[in-house]
Structures are given as C-alpha cells and as structure tokens.
Trainee: 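First the structure, which I've put down as structure tokens, then a few questions once you've had a look.
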Amino acid sequence: MPIRLIEARDFSALHDIEDATAKQFESIGIDAMTDLGPYSDEEMTGYVTAGLAWAATDDNDVPVGFLVAEIVDDCLYIADVNVHPRAARRGLGRQLIDHAAAGNYPALVLTTFRDVPWNAPYYRRLGFETLADDEITPNLRAICEFQATIGLDRWPRVCMRRNLTTR
C-alpha cells in the first residue's frame, strides 16, 4: 500500500484507526489505550507540521495505518504506529517503520508493552533490541515517566532501539 505524509483531511480516518486498535488492547485487559482516546487534531497537526507523520493508504487514498514520530536524542522516536485491524497482517506496520527509517537517523527508538504480541515481540522481529536500564537516555526516560503519569506503567513496558546505517 502507498505511504504518504498525513494531511489534515486524514484526521477522521486516523481517529477510526486509533479507536479500532484501542479495542484490541482493551480485549486483552489493557484499558488505558481506550481511556486515552485518539490524538487531538492539535497534537496530530504538530506531527504533520514537523513532517513526522505518515499514513499507509488504501486504493481510495484513505489511511488504514499510520506512524507518528519525534526526534529524541538525534534518533527517530516512534511515538505511535497503528494499523486498522481490517488491514492487519499485511506488513503495513513494517512498511511504515521502514519508511520512517529511511531518514538520516542513527537509530529508531520506541517504548512499548513488553508482553503484548503485537508490541515488543513484534518489534524484536523487526530488529529492535530491548534497552537495559543504563542504556535509556534521560530524554527517553522522561517519555517513560510521562507515560507512567497517564497509567501506561500498569503493564510491563520496555524501551527498544533499532540501529540504522546512516547515509
């Protein structure tokens, strides 16, 4: 599926994707994702303005998956990657991550649930490695601390890194 930068016209479709993926988390007892709700238009606009928001689209150019990122310690921090369940298991998450990785960054980093099959185990298959506590940078640790304030630490979480070859 094509991958392109997210546009404001996509926000409604992105909310639908977030709602559908949150229900998957809720089905395994992680209700915090539903409680958080989708990104506000203002939050998503920040990612779009930074040029760090991509959508995988269907044949009608409607997003079925997306990835938003930030720059943290010169690395690309994957803040969120979501694929609508009806488009899952087609490699879209991998495609979005590989697309984001095409930038000139030394590594991709992320925080995720350790035991959710489509989280840390999935990212390991994509070449991410779990960071030891002493490998977590202060800025990445600050992200973890923020996530704890919104209740995500009720389930085991990890920080992960995938080194990239710089150009």
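What you see below is based on every heavy atom in this structure, not just the backbone, and it leaves out hydrogens, waters and symmetry mates. Keep in mind that this is a model prediction, so the values were computed, not measured.
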Trainee: Which heavy atom in Asp74 sits nearest to a heavy atom in Pro106, and how many Å separate them?
Mentor: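 Closest heavy-atom pair between Asp74 and Pro106: O-CD, 3.1 Å.
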Trainee: Mark yes when over 12 heavy atoms from residues, nucleotides or ligands other than Arg9 sit less than 6.0 Å from its CZ; otherwise mark no.
Mentor: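 Atom CZ in Arg9 is crowded, with more than 12 foreign heavy atoms closer than 6.0 Å.
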Trainee: Quick one: closest heavy-atom pair of Leu67 and Ala100, and the distance?
Mentor: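 Result for this residue pair: CD2-CB, 4.0 Å.
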Trainee: In the single-linkage hydrophobic clustering (I, L, V, M, F, W, Y; side-chain heavy atoms under 4.5 Å), do Tyr122 and Val116 co-cluster?
Mentor: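 Unlinked, Tyr122 and Val116 end up in two clusters.
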Trainee: Do Ile71 and Ile6 sit in one hydrophobic cluster, given that two such residues count as connected whenever their side-chain heavy atoms are within less than 4.5 Å of each other, even indirectly?
Mentor: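 No, separate clusters.
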Trainee: Taking all heavy atoms of Asp16 and all of His84, pick out the closest pair and write down the distance.
Mentor: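 Here Asp16 and His84 meet closest at O-CD2, 4.1 Å.
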Trainee: Measuring only between side-chain heavy atoms, which start at C-beta, is Val158 closer than 4.5 Å to Phe128?
Mentor: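 SC-SC contact between Val158 and Phe128 ruled out.
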Trainee: Can you spot which of Ile97, Leu76, Leu110 makes a side chain to side chain contact (heavy atoms under 4.5 Å, CB included) with Arg162?
Mentor: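 For Arg162, the side chain to side chain contact (heavy atoms under 4.5 Å, CB included) test succeeds with only one of Ile97, Leu76, Leu110, which is Ile97.
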Trainee: Strictly distance-based, threshold 3.5 Å: is any side-chain N or O of Arg154 a donor or acceptor partner for the main-chain N or O of Gly151?
Mentor: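 Yes: the side chain of Arg154 pairs with the backbone of Gly151.
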Trainee: Sub-3.5 Å donor-acceptor pair from the side chain of Asp58 to the main-chain atoms of Asn60, do we have one?
Mentor: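 Answer holds: yes.
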Trainee: Using the rule side chain to side chain contact (heavy atoms under 4.5 Å, CB included), only one of Val83, Val81, Leu126 pairs with Arg94; which is it?
Mentor: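 Of all the options given, the one that passes is Leu126.
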Trainee: Between Glu18 and Phe66, which heavy-atom pair has the shortest distance, and what is it?
Mentor: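 Heavy atoms of Glu18 and Phe66 come nearest at CG-CZ, 3.6 Å.
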Trainee: Only one of Thr111, Asp115, Asn119 passes side chain to side chain donor-acceptor pair (under 3.5 Å) with Arg157; say which it is.
Mentor: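 The side chain to side chain donor-acceptor pair (under 3.5 Å) with Arg157 is passed solely by Thr111 among Thr111, Asp115, Asn119.
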Trainee: If we check side chain to side chain contact (heavy atoms under 4.5 Å, CB included) with Asn82, which of these qualifies: Thr21, Val64, Asp19, Leu14?
Mentor: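 Filter result, single survivor: Thr21.
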Trainee: Check Ala69 against Trp54 and note the closest heavy-atom contact, atom names and distance.
Mentor: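 Looking at all heavy atoms of both residues, the closest pair is CB-CZ3, 4.4 Å.
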Trainee: A side-chain contact here means heavy atoms from C-beta on lying under 4.5 Å apart; do Met33 and Leu152 qualify?
Mentor: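 They are in contact (side-chain heavy atoms under 4.5 Å apart), so the answer is yes.
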Trainee: Through direct or indirect side-chain contacts below 4.5 angstrom among Ile, Leu, Val, Met, Phe, Trp and Tyr, which residues connect to Val72?
Mentor: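 Members alongside Val72: Tyr77, Val109, Leu131, Ile136, Leu140, Ile143.
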Trainee: First locate atom CZ of Arg124, then atom CZ of Arg114, and finally report the distance between them rounded to the nearest 0.5 Å.
Mentor: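 Here the rounded value is 9.5 Å.
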Trainee: Within a 6.0 Å radius of atom CD on Glu129, are there more than 12 heavy atoms belonging to other residues, nucleotides or ligands?
Mentor: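 Not buried by this count: 12 neighbours or fewer within 6.0 Å.
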Trainee: Any chance you could measure Ile30, atom CD1, to Gln24, atom CD, to the nearest 0.5 Å?
Mentor: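 Separation between the atoms: 11.5 Å.
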Trainee: Does the Thr49 side chain pair with the main chain of Gly46, one donor and one acceptor, at a distance under 3.5 Å?
Mentor: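 Absent.
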Trainee: State yes or no: do Val48 and Val68 share one hydrophobic cluster built from I, L, V, M, F, W and Y residues joined by side-chain heavy-atom distances below 4.5 Å, directly or via other members?
Mentor: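 Same hydrophobic cluster.
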Trainee: Are Leu36 and Ile28 in one and the same hydrophobic cluster, where Ile, Leu, Val, Met, Phe, Trp and Tyr link if side-chain heavy atoms are under 4.5 Å apart?
Mentor: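 They do share one cluster, since a chain of ILVMFWY contacts under 4.5 Å joins Leu36 to Ile28.
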Trainee: Thinking salt bridges, do Arg161 and Asp73 make one under a 4.0 Å N-O criterion?
Mentor: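 No, no charged N to carboxylate O under 4.0 Å.
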Trainee: Using the six-membered ring wherever Trp is involved, compare the ring planes of Phe25 and Phe113 and label them parallel, tilted or perpendicular (cut-offs 30° and 60°).
Mentor: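 Geometry flag for Phe113 against Phe25: tilted rings.
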Trainee: Within the structure provided, determine whether Leu96 and Ile3 are in side-chain contact (heavy-atom separation under 4.5 Å).
Mentor: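 A side-chain contact exists here, since the closest heavy-atom pair is under 4.5 Å.
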Trainee: Report yes or no: does Asp10 contribute a side-chain atom to a donor-acceptor pair with the main-chain N or O of Glu7 at less than 3.5 Å?
Mentor: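 Yes; judged by distance alone, with no hydrogens or angles, the pair exists.
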Trainee: Which atoms form the tightest heavy-atom contact between Gly65 and Ile17, and what is the distance?
Mentor: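 Looks like N-CD1, 3.5 Å.
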Trainee: Check the pair Tyr47 / Glu70 against side chain to side chain contact (heavy atoms under 4.5 Å, CB included), numbers first and verdict last.
Mentor: CA-CA 8 Å; Tyr47 290 113; Glu70 303 169 16; 3.0 Å; yes
Trainee: Taking atom CG of Asp41 and atom CZ of Phe11, what is their separation to the nearest 0.5 Å?
Mentor: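 Rounded to the nearest 0.5 Å, the CG-CZ separation comes out at 5.5 Å.
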Trainee: Please check if any side-chain donor atom of Tyr39 sits under 3.5 Å from a side-chain acceptor atom of Asp80, or the reverse.
Mentor: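 Their side chains do contain a donor-acceptor pair, which is all the 3.5 Å distance test asks for.
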